K.L.:
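Would you mind keeping the following structure in view while I ask a few things?
All residue numbers refer to positions in the sequence shown, counting from 1. Here the structure is a predicted model, which is why all the values come from computation and not from measurement.
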Amino acid sequence: MELKKCLKLKLLGFLLFNVFVLSLAKQHMPTINWVLKETKYTRLCSSKKILTVNGLFPGPTLHVRKGDRLIVNVQNHGKYNVTIHWHGVKQPRNPWSDGPEYVTQCPIMPGANFSYEIILSSEEGTLWWHAHSDWSRATVHGPIIVYPKLGTNYPFPKPQAEFPIVLASWFKGDVMELIETALEKGGETNKSDALTINGQPGDLYNCSKQGTYKLTVDYGKTYLLRVINAIMNEEVFFGLAKHNLTVVGMDGAYIKPIKTDYILITPGQTMDILFTANRSPSHYYMAARAYEGVVYDNTTTTAIVKYSGNYTSPSMPAFPSLPNYTDIDAVTNFTRRIKALADKDHPINVPQEVDTRLYITISVGTYPCPNDSCEGPNRSRLAASLNNVSFMEPEIDLLQAYYRGIGGVFQTDFPSVPPHFFNFTADELPDSVLTPLKGTKAKVLKFNSTVEMVFQGTNVLNAAENHPMHLHGYSFYFVGSGFGNFDNVTDPKKYNLVDPPEINTVGVPKNGWAAIRFRADNPGVWFMHCHLERHASWGMDTTIIVKNGTTRLTSMRRAPRHLNPC
């Protein structure tokens, strides 16, 4: 008995010591204070107040190293509820700080604050953060730059300098009012009035020439562009006039270098791009414009790369040769070249066998409106869905409901396959496939199970477009894609299971499919959604619940002491 008592006391002492060490570590984590507030900005010949972090658009850059931990305390001095998501940060065992409103937390109300604990793990390269409440991410976003650990280096020669390039949208109206009105009336959302590079529309827009973003380079030097697509609803082509680009990273992981004169980048994605200033000293445009969507901003945003030295500046900088806005071949030719670096210093571990398979259709349909009173197709209300389920936001966040066992908040029967099979990409589809079910559903996965998801685009409402699907809490391997309907016999034979890119946002081809694989080793509640903001607002979302493992270190962390009330 005395021995047992002694062992119990030793175990208790060990646990208390570990709690003390963790508490001490948390106290010594760097803390950054952010203030959300309304700030006056002038763009496109008019002024308005926008929600910002610390008055900045884009917001402040977080500079971290691989494996770092830090705390960001967010104080909401604005007029809307807000949450912040750390896009691409896996947050091991820590969904409490992931951020999506009513999924992993209740919002930070005006006058309140919340401290996010950000835990980096295997990520290295460029990520970003953004608001995750309604459409507030239009102005509340910024870069996360994850440098290699001390003592390690980039897998390429260190560049002369690095420049974050944040692509975003500008709306003349109040974005929160715009989406509220659109959802009320049931029709399409407003297109943005401009695209921007680092907060500036650029030379091609009214009243914008003076503010155009410019960066200065020295002849013969190599530079790193950290490109982030924070645009609300458009995939874009991006390029730099007369300069070759070398893409070396994507979504916080390195890839085999791709030499190209343009990229295609979807909302949510990031890319690390090298270029060498080896042209005649002059001014050169970098530019971004949309790849075709159903509704899209067809304007072009520009910035200027200026060479240092003495020379006569051109009256008009050279313009990059970007693909046509309908050029689906240009999209395919670029995306199919992306492969993981997969060397000894940056290994990957692609699941070769699969425990759980999900086949998920992506659709934009409609709900009928009383007296045909809405502004959607045939006076109906637009509704988006995954496997015919249109996500309904609960009144308390799903994570708390799951953690505390609160019933009636969500169901765990998100379907593994579509409820109805038909020719998903046909030119004409019957009206019977238009109306999704409303629900707050989750898919439950066993800890450490291997998962394959195939996202299937559809042509419901003749509204097929490229869908950037983002999964919180994970990076996944993009193993294959194609056009038409996925064939589960022939298409998997063409998968890349050797060096697929490890990403967190995948572009599902227009009228096509994309397959991803990952190991469900991060317990928690994780949001999955289309990163076209209008589609997410209409319900193109669901939740993945990964169950705890058998040990404390394979289980979700305890809830923090302070959680915002709903």
K.L.:
For Gln160, I'd like to know if atom CD has over 12 heavy atoms of other residues, nucleotides or ligands within 6.0 Å.
P.N.:
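Yes, because the 6.0 Å sphere around CD of Gln160 holds more than 12 heavy atoms from other groups.
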
K.L.:
Can Gln91 and Ile119 be said to form a side chain to side chain contact (heavy atoms under 4.5 Å, CB included), step by step?
P.N.:
CA-CA 5 Å; Gln91 293 280 25; Ile119 304 173; 3.8 Å; yes

K.L.:
Quick one: which residue pairs count as a side-chain hydrogen bond (donor to acceptor under 3.5 Å, both in side chains) with a foot in residues 505-516, not counting sequence neighbours?
P.N.:
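Non-adjacent pairs meeting side-chain hydrogen bond (donor to acceptor under 3.5 Å, both in side chains): His87-Thr505, His470-Thr505.
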
K.L.:
Any side-chain donor paired with an acceptor under 3.5 Å for Thr216 and Ser308?
P.N.:
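Result is no, nothing qualifies.
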
K.L.:
Taking the six-membered ring for Trp, are Phe57 and Tyr41 parallel (under 30°), tilted (30 to 60°) or perpendicular (over 60°)?
P.N.:
perpendicular

K.L.:
Does Lys185, at its NZ atom, have more than 12 non-hydrogen atoms belonging to other residues, nucleotides or ligands within less than 6.0 Å?
P.N.:
no

K.L.:
I'd like to check the side chain to side chain donor-acceptor pair (under 3.5 Å) partners of Tyr477; sequence neighbours left out, ordered by chain and number.
P.N.:
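Once residues adjacent in sequence are excluded, Tyr477 has no partner under the side chain to side chain donor-acceptor pair (under 3.5 Å) criterion.
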
K.L.:
Test side-chain hydrogen bond (donor to acceptor under 3.5 Å, both in side chains) on Ser363 and Thr458 and set out the steps.
P.N.:
CA-CA 6 Å; Ser363 302; Thr458 70; 2.9 Å; yes

K.L.:
Do any N or O atoms from the side chain of Ser385 and from the backbone of Met540 form a donor-acceptor pair under 3.5 angstrom?
P.N.:
no

K.L.:
Judged by atom type as modelled, is there a donor-acceptor pair below 3.5 Å linking the side chain of Asn76 to the main-chain atoms of Ala112?
P.N.:
no

K.L.:
Could you report the tightest heavy-atom contact between Leu51 and Ser136, atom names first, then the distance?
P.N.:
CD2-CB, 4.3 Å

K.L.:
Can you list the steps and then say if Asn73 with Asn33 is a side chain to side chain contact (heavy atoms under 4.5 Å, CB included)?
P.N.:
CA-CA 5 Å; Asn73 180 254; Asn33 290 303; 3.5 Å; yes

K.L.:
Calculate, to the nearest 0.5 Å, the distance between atoms NE2 and CG belonging to His529 and Leu532 respectively.
P.N.:
11.0 Å

K.L.:
Return the CZ to NE2 distance between Phe527 and His85, rounded to the nearest 0.5 Å.
P.N.:
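Result: 10.0 Å between the selected atoms.
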
K.L.:
Near Phe334 CZ, under 6.0 Å, is it more than 12 heavy atoms from other residues, nucleotides or ligands?
P.N.:
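It does: Phe334 CZ has more than 12 such atoms within range.
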
K.L.:
Using only atom types and a distance under 3.5 Å, with no angle test, would you say the side chain of Arg43 pairs donor to acceptor with the backbone of Gly199?
P.N.:
yes

K.L.:
Would you say Thr212's side chain and Asp203's backbone share a donor-acceptor pair under 3.5 angstrom?
P.N.:
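Yes, because the side chain of Thr212 sits within donor-acceptor range (under 3.5 Å) of the backbone of Asp203.
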
K.L.:
Return the CG to NE2 distance between Leu245 and His243, rounded to the nearest 0.5 Å.
P.N.:
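With rounding to 0.5 Å, CG (Leu245) is 9.5 Å from NE2 (His243).
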
K.L.:
Is there side-chain contact between Pro100 and His472, with heavy atoms separated by less than 4.5 Å?
P.N.:
yes

K.L.:
Begin with the C-alpha distance, continue with both residues' side-chain angles, and end with the deciding distance and a verdict on ring-ring contact (aromatic ring centres under 6.0 Å, His included) for His130 and His531.
P.N.:
CA-CA 12 Å; His130 60 82; His531 228 281; 5.2 Å; yes

K.L.:
Check whether Asp174 reaches the backbone of Leu178 with its side chain - one donor and one acceptor, N or O, closer than 3.5 Å.
P.N.:
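It does not hold such a pair.
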
K.L.:
Please assess Gln269 against Met250 for the test side chain to side chain contact (heavy atoms under 4.5 Å, CB included), listing each intermediate value before the final yes or no.
P.N.:
CA-CA 7 Å; Gln269 289 181 340; Met250 184 174 177; 3.3 Å; yes

K.L.:
What is the ring orientation for Phe518 with Tyr474, classed by angle as parallel under 30°, tilted 30 to 60°, or perpendicular over 60°?
P.N.:
tilted

K.L.:
Taking all atoms of both residues into account, what is the closest heavy-atom pair of Pro201 and Thr196, and its distance?
P.N.:
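So the minimum-distance heavy-atom pair works out to N-CG2, 3.9 Å.
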
K.L.:
Taking side chain as C-beta onward, heavy atoms only, is Ile328 less than 4.5 Å from Thr326?
P.N.:
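The answer is no; the side chains never approach within 4.5 Å.
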
K.L.:
Phe237 vs Tyr262 aromatic rings, parallel, tilted or perpendicular, using cut-offs 30° and 60°?
P.N.:
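Ring orientation of Phe237 relative to Tyr262: perpendicular.
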
K.L.:
Report the distance from atom CG of Asn504 to atom CZ of Phe478, rounding to the nearest 0.5 Å.
P.N.:
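Answer rounded to 0.5 Å: 13.0 Å.
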
K.L.:
Does any part of the side chain of Val460, heavy atoms only, come nearer than 4.5 Å to the side chain of Phe424, both counted from C-beta?
P.N.:
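Sidechains of Val460 and Phe424: no contact.
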
K.L.:
Look at atom CG of Asn206 and say whether more than 12 heavy atoms of other residues, nucleotides or ligands are closer to it than 6.0 Å.
P.N.:
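Counting other residues, nucleotides and ligands, CG of Asn206 stays at 12 neighbours or fewer.
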
K.L.:
Would Lys256 and Asp499 pass as an ion pair if we require N to O under 4.0 Å?
P.N.:
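Salt bridge between Lys256 and Asp499, a charged N being under 4.0 Å from a carboxylate O: yes.
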
K.L.:
Check the orientation of Trp135 and Phe171. Use parallel for under 30°, tilted for 30 to 60°, and perpendicular for over 60°.
P.N.:
tilted

K.L.:
Is there a donor-acceptor pair closer than 3.5 Å between any side-chain N or O of Arg289 and the backbone N or O of Thr301?
P.N.:
no

K.L.:
What's the separation between atom OG in Ser282 and atom CD1 in Ile304, rounded to the nearest 0.5 Å?
P.N.:
10.0 Å

K.L.:
How about His467 and Phe455: are their ring centroids closer than 6.0 Å?
P.N.:
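His467 vs Phe455: aromatic centres not under 6.0 Å.
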
K.L.:
Please check this pair: side chain of Tyr311 against backbone of Tyr307, looking for a donor-acceptor N/O pair closer than 3.5 Å.
P.N.:
yes

K.L.:
Using side chain to side chain contact (heavy atoms under 4.5 Å, CB included), reason through Trp538 and Arg381 one step at a time and then give a plain yes or no.
P.N.:
CA-CA 9 Å; Trp538 295 336; Arg381 174 180 298 281; over 6 Å; no

K.L.:
Atom OG in Ser169, atom CZ in Arg137: separation rounded to 0.5 Å?
P.N.:
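The OG atom of Ser169 sits 7.5 Å away from the CZ atom of Arg137.
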
K.L.:
Would a distance-only check, ignoring hydrogens and angles, find a side-chain to backbone donor-acceptor pair under 3.5 Å from Thr302 to Gly202?
P.N.:
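No, Thr302 side chain to Gly202 backbone: no donor-acceptor pair under 3.5 Å.
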
K.L.:
Please report the shortest heavy-atom distance between Glu123 and Lys90, naming the atom on each side.
P.N.:
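Shortest heavy-atom separation between Glu123 and Lys90 comes out as OE2-N, 2.7 Å.
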
K.L.:
Counting C-beta onward and ignoring hydrogens, is there a side-chain heavy-atom pair between Asp327 and Tyr291 closer than 4.5 Å?
P.N.:
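Result no, sub-4.5 Å side-chain heavy-atom pair not found.
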
K.L.:
Which atom names give the shortest non-hydrogen contact between Ile258 and Ile255, and what distance separates them?
P.N.:
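Nearest heavy atoms, Ile258 then Ile255: CD1-CD1, 3.9 Å.
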
K.L.:
Identify every side-chain donor-acceptor pair in residues 221-236 under 3.5 Å, counting partners at least two apart or on other chains, and give the distances.
P.N.:
from, atom 1, to, atom 2, distance (Å)
Thr222, OG1, Thr276, OG1, 2.8
Tyr223, OH, Asp218, N, 2.7
Arg226, NE, Glu162, OE1, 2.9
Arg226, NH1, Thr126, OG1, 2.8
Arg226, NH2, Tyr154, OH, 3.2
Arg226, NH2, Glu162, OE1, 3.1
Asn229, OD1, Ile231, N, 2.8
Asn229, ND2, Glu234, O, 3.4
Asn229, ND2, Ile265, O, 2.9
Asn229, ND2, Thr266, O, 3.4
Asn233, OD1, Glu533, N, 3.0
Asn233, OD1, Arg534, N, 2.9
Glu234, OE2, Asp297, N, 2.9

K.L.:
Thr189 side chain to Ile179 main-chain N or O, any donor-acceptor pair under 3.5 Å?
P.N.:
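A pair under 3.5 Å: no.
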
K.L.:
Flag yes if more than 12 heavy atoms outside Lys306 fall under 6.0 Å of its NZ atom; otherwise flag no.
P.N.:
no

K.L.:
Taking Asn333 for the side chain and Asp329 for the main chain, is one N or O donor matched with an acceptor at less than 3.5 Å?
P.N.:
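Side chain of Asn333 to backbone of Asp329: a pair is present.
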
K.L.:
If you compare all heavy atoms of Ala463 against all heavy atoms of Val364, which two are closest, and at what distance to 0.1 Å?
P.N.:
CB-CB, 4.5 Å

K.L.:
Please walk me through it: do Asn81 and Ser133 pass side-chain hydrogen bond (donor to acceptor under 3.5 Å, both in side chains)?
P.N.:
CA-CA 7 Å; Asn81 291 345; Ser133 307; over 6 Å; no

K.L.:
Quick check: closest heavy atoms across Tyr254 and Pro148, and the distance to 0.1 Å?
P.N.:
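Looking at all heavy atoms of both residues, the closest pair is OH-CG, 4.1 Å.
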
